[in-house]
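Quick notes on the structure that follows.
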Amino acid sequence: MTAQELPGWTHLYSGKVRDLYVPEGMTSGDAPELLVVASDRVSAFDFVLSPGIPRKGELLTQLSNWWFAHLDVPNHLVSGGAARVPAEVAGRAAVVKPLEMFAIECVVRGYLTGSGWAEYQQSQSVTGIPLPAGLHNGDRLPEPIFTPAWKAPQGEHDENISFDRMIEIVGEEAALALRELSLTIYTDAAATAEAHGLIIADTKFEFGRDGESGEIVLADEVLTSDSSRYWDLATWSAGTTPEERMASFDKQIVRDWLAANWDKQGTPPELPADIVAQTASRYAELIARLTA
Ligand code: ATP
Ligand code: MG
């Protein structure tokens with residue numbers, strides 16, 4: 001995968017979905033800002049799939065920016081940075097402050113599904129947090145829970161960890177602050193989403209520390225359909241089976257297709273055109289509903 005050349009910027013690193021750049025002539029050590037470009041690439045189970053989802057990069061950037069503006073927490077966007085986004089990637093890039101990232105995915109779950117549901121079936125708990133018996137896939141939890149994951153080095157799979165393990169990795173003070181911030185942001189955002197007829201079943205935040213001020217700052221993407229599970233509130237309320245309840249606005253469509261059509265060995269198969277089109281239209285519908 002070769003990243004696009006952009007005037008005034010030097011490519012630094014490509015994640016599964018986003019490409020990071022530093023101002024030309026600078027390095028990751030001295031750059032005062034970074035350009036984060038969201039591609040149309042889609043990943044599931046930590047594999048980048050083919051083809052991409054048309055306009056995904058743009059929609060995810062819009063969603064993140066909308067949430068950054070609505071949330072009352074310090075974020076990594078550089079004010080006035082939009083003016084420095086190159087025309088080639090306008091609408092799907094942001095100029096951000098480089099942070100010392102915590103190697104933790106700060107996951108909050110308001111509902112039980114995905115890897116949380118898998119773990120619950122084994123242990124009636126998620127990352128060590130005990131839960132009531134008798135819950136079903138897609139049920140609302142008595143209260144939102146913080147279930148961190150360790151961000152594995154590139155090529156490895158992220159791993160759910162206990163809060164005690166998180167303390168070992170980032171220290172107690174940071175762990176407590178990150179948990180508190182994550183739960184507060186989720187609770188705020190879930191209420192906003194509900195007012196638009198949407199459930200945020202779970203989501204993942206990434207935070208970093210500002211090297212100058214020491215402040216903990218919300219970074220990466222926030223509350224996008226890549227980092228979150230969004231469901232339709234009316235459908236969830238009326239449904240009786242998990243399938244009926246979890247009508248998703250996110251890449252669950254891709255995950256489900258892949259899980260049914262691939263044994264996770266070797267290269268993943270090409271996504272069929274109807275799955276790509278369905279995902280693209282659900283992403284577009286989500287942002288239309290949220291920002292309406
Ligand atoms: P990985 O993080 O393991 O590369 P990824 O597939 O999640 O996997 P992307 O989301 O595609 O990666 O790329 C975005 C990268 O930029 C992530 O590594 C994220 O942690 C990092 N990042 C986001 N915001 C900032 C920031 N303000 N400063 C430094 N790094 C950031
Ligand atoms: Mg990421």
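In each ligand, atom 1 is the first atom listed, and ligand 1 is the first ligand listed. One-based numbering along the sequence shown.
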| field | Validation row: I253, I275 side chains within 4.5 angstrom (heavy atoms) | value | yes
| message | As a check for students: among K204, E206, K151, identify the option with a heavy atom nearest to atom 2 (O) of ligand 1. | response | K151
| said: Going by the closest heavy atom to atom 12 (O) of ligand 1, which one wins out of S14, S227, G15? | reply: G15
| note | The answer for which part of D220 has a heavy atom under 4.0 Å from ligand 1 is both
| request: For atom 8 (O) of ligand 1, find the nearest protein heavy atom and state the residue, atom name and distance (0.1 Å precision). | output: K16 NZ, 3.5 Å
| N/O to N/O below 3.5 Å, does that happen between V17 and ligand 1? | yes
| field | Geometric N/O contact H76 with ligand 1, under 3.5 angstrom | value | yes
| task | Indicate yes or no for a side-chain donor-acceptor contact from H76 to the backbone of A219 under 3.5 Å, with no hydrogens or angles considered. | result | no
| field | Side-chain donor-acceptor pair present, Q4, D19, cut-off under 3.5 Å | value | no
| Just which atoms of ligand 1 are under 4.0 Å from any heavy atom in V96? | 27 (N)
| message | Please tell me whether R109 and T127 have a donor and an acceptor in their side chains that are separated by less than 3.5 angstrom. | response | no
| Taking E244 for the side chain and T240 for the main chain, is one N or O donor matched with an acceptor at less than 3.5 Å? | yes
| query | Who's the nearest protein heavy-atom neighbour of atom 10 (O) of ligand 1, and how far? | reply | R18 NH2, 2.6 Å
| said: Geometry only, no angles: is M101 polar-contacting ligand 1 at N/O separations under 3.5 Å? | reply: no
| task | Can you pull out the closest protein heavy atom to atom 4 (O) of ligand 1? Residue, atom name and distance to 0.1 Å, please. | result | Y13 OH, 2.0 Å
| request: Give a yes or no on whether the backbone of R165 and the side-chain of S162 come within a donor-acceptor separation of less than 3.5 Å. | output: yes
| Side chain or backbone of L34 under 4.0 Å from ligand 1, or both, or neither, by non-hydrogen atoms? | side chain
| task | Check whether any heavy atom of P98 sits under 4.0 Å from an atom of ligand 1. | result | yes
| According to the interplanar angle, ranging from 0 to 90°, do the rings of Y120 and W117 count as parallel (below 30°), tilted (30 to 60°) or perpendicular (above 60°)? | parallel
| Near E5 CD, under 6.0 Å, is it more than 12 heavy atoms from other residues, nucleotides or ligands? | no
| Are more than 12 heavy atoms from other residues, nucleotides or ligands located less than 6.0 Å from atom CG of D274? | yes
| note | Judged by heavy atoms only, the candidate from L20, L99, V48 nearest atom 15 (C) of ligand 1 is L20
